[in-house]
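The next block holds one structure in the form of structure tokens; read it before the comments.
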2 protein chains.
Amino acid sequence: MSKPRRVGNETSATRARLLDATEQVMLAEGYAAVTSRRVAKETGVTPALVHYYFSTIDDLFLAVIRRRGEQSAKRQERALSGPQPFHALWELSKERAGTGLLMEFVALANHRKVIAAEIAEQAADSRKAQLDTLGDLIERTDLGPDDLSPEAILVLIASVSRTIALEESLGMDVGLAQTTAFIEGLLTRIDGTDER
Amino acid sequence: MSKPRRVGNETSATRARLLDATEQVMLAEGYAAVTSRRVAKETGVTPALVHYYFSTIDDLFLAVIRRRGEQSAKRQERALSGPQPFHALWELSKERAGTGLLMEFVALANHRKVIAAEIAEQAADSRKAQLDTLGDLIERTDLGPDDLSPEAILVLIASVSRTIALEESLGMDVGLAQTTAFIEGLLTRIDGTDER
DNA sequence: GTCTATAGTTCGATAGAC
DNA sequence: GTCTATCGAACTATAGAC
């Protein structure tokens, strides 16, 4: 309704460098360290240029989230279409959680509604895609006496991958190897050891 | 080595009110909103008084974490000594994760070493206590064909409780009920339905 | 597309009065 | 124990020159 006049092009190389710098600062020092001055300094430009591409800091965060979401969706699509989709999803989930960016965005989402909405939409879309592609595969597998629905397995993969990333980053290790073994056992029962 | 002269007493009622206000602000607007001015305003005192009790903002955060850690340890001890320790631990874990404070501290820990150290120590102590009290109980239960060690079960409880809290706060719901059913099925096989 | 300059805020932390 | 007053620094966002 009242966005100022000029806004930088979406395909600009400088814009991409600003997003890179934002991710880097967020990883190293947390979202609170992301300021127009700081991002400008990392990129080698002036603060005013940051505001030229992103009117507000929230716009900058949203752009980072959207870019990563697109990349992540493509990678997941590739993972799910391979010969061992569950193992691939597990590796991808651990990697996604491992960067630490996810936790920063979650914390950000706690008090910025636009960001919470964007993250929730991405996460829901991602799980929907997993379910569409993998749901049948799970139902065809005998998982023993457990109440393990396809949905539950996907939630377990997401949960445990995040916990492992978190606890490892804190230097904890009690139970992580055993939990990994349990999850990978499940995955192998569904994917098979080396089918296809 | 160079901390200024005067520091407020640990038993002060005002000090406790400052900690309360800090938690409240952190929950409502995130850790970045915690400033000496803001906490002072919520408490009805001046910013200088905040610095009288806590020389730096990090000291303030640490005090909040320590206070909650002590409360949490006591509650866990009580939960683990009851008739259905696993169900009690599960409920406690969901509640701990549900407040959102945990995620704020985790994000804070990403770039403040003293805070990361405090959180890691608390989490490790907590899991150690769980393992000491509950380890034997799990080993005496037949959990079927799964590679479910005592450690893994505790990690699953921690993981899933956090995920449920997170995803519910984002408005997601795919798979949460099914995953809860799976976890509670495990707990019941260990605790029994209504023993003792 | 990128810059200089700047107005208007807000913050951490301290000194010192009461 | 609590306050007033303050220094120095950092931040967002905009206007406007180049």
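Only this structure's heavy atoms are used, side chains among them; waters, hydrogens and symmetry mates stay out. Chain naming here is simple, since letters A, B, ... match the order of the sequence lines and numbering starts at 1 in each.
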*Short N-O contact, B/Glu151 and B/Lys128, less than 4.0 angstrom*: no
_Verdict with reasoning, A/Glu95 to A/Arg75, per side-chain contact (heavy atoms from CB on, under 4.5 Å)_ = CA-CA 11 Å; A/Glu95 195 185 315; A/Arg75 297 190 57 190; 2.9 Å; yes
Candidate nucleotides [options], ranked by approach to the side chain of [X] - the nearest:
X       : options              : value
A/Tyr52 : D/dT4, C/dG1, D/dT14 : C/dG1
A/Ile57 : D/dA13, C/dC3, D/dC3 : D/dA13
A/Thr46 : C/dC3, C/dA13, D/dA5 : C/dC3
A/Leu49 : D/dG1, C/dG1, C/dA13 : C/dG1
A/Thr56 : D/dA13, C/dT4, D/dA5 : D/dA13

_The criterion is side-chain contact (heavy atoms from CB on, under 4.5 Å); which residues satisfy it with A/Thr133, sequence neighbours excluded?_
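Checked A/Thr133 against side-chain contact (heavy atoms from CB on, under 4.5 Å); matches are A/Leu80.
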*asked:* Applying side-chain contact (heavy atoms from CB on, under 4.5 Å), can you list everything that pairs with B/Gln122, at least two apart in sequence or on another chain?
replied: B/Ile65, B/Glu118
*Residue-level proximity of residues 8-24 of chain B to DNA chain C when a heavy atom falls under 4.0 Å*: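 Of all residues in residues 8-24 of chain B, none places a heavy atom under 4.0 Å from DNA chain C.
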_Once ring pair (Phe, Tyr, Trp, His ring centres under 6.0 Å) is applied, what residue pairs with a partner in residues 49-86 of chain B remain, sequence neighbours excluded?_
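Every candidate ring pair (Phe, Tyr, Trp, His ring centres under 6.0 Å) pair involving residues 49-86 of chain B fails, so no pair, neighbours aside, qualifies.
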_For residues 158-179 of chain B, which residue pairs pass the ring pair (Phe, Tyr, Trp, His ring centres under 6.0 Å) check, not counting sequence neighbours?_
none
*Any salt bridge (Lys or Arg N to Asp or Glu O under 4.0 Å) pairs touching residues 79-91 of chain A, not counting sequence neighbours?*
A/Glu91-A/Lys94
_d(NE2, B/His51; P, D/dC3) in whole Å_ =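 Distance, rounded to whole Å: 14 Å.
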_Between P on D/dT2 and CZ on B/Phe54, what's the gap in Å once rounded to a whole number?_
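To the nearest whole Å, that distance equals 12 Å.
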_Under the side chain to side chain donor-acceptor pair (under 3.5 Å) test, residues paired with B/Thr188 that sit two or more places apart_ =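 Side chain to side chain donor-acceptor pair (under 3.5 Å) check on B/Thr188 returns B/His87.
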*Just jot down the side chain to side chain donor-acceptor pair (under 3.5 Å) partners of A/Ser159, sequence neighbours excluded, or say none.*
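A/Ser159: side chain to side chain donor-acceptor pair (under 3.5 Å) contacts with B/Thr163.
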*Strictly below 4.0 Å, heavy-atom distances to any atom of DNA chain D: list the hits from residues 27-42 of chain B, or just say none.*
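By residue number: none to list.
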*Using only side-chain N and O atoms of A/Tyr53, determine if any of them is under 4.0 Å from OP1 or OP2 of C/dT2.*
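Checking C/dT2 against A/Tyr53, a side-chain N or O does come within under 4.0 Å of OP1 or OP2.
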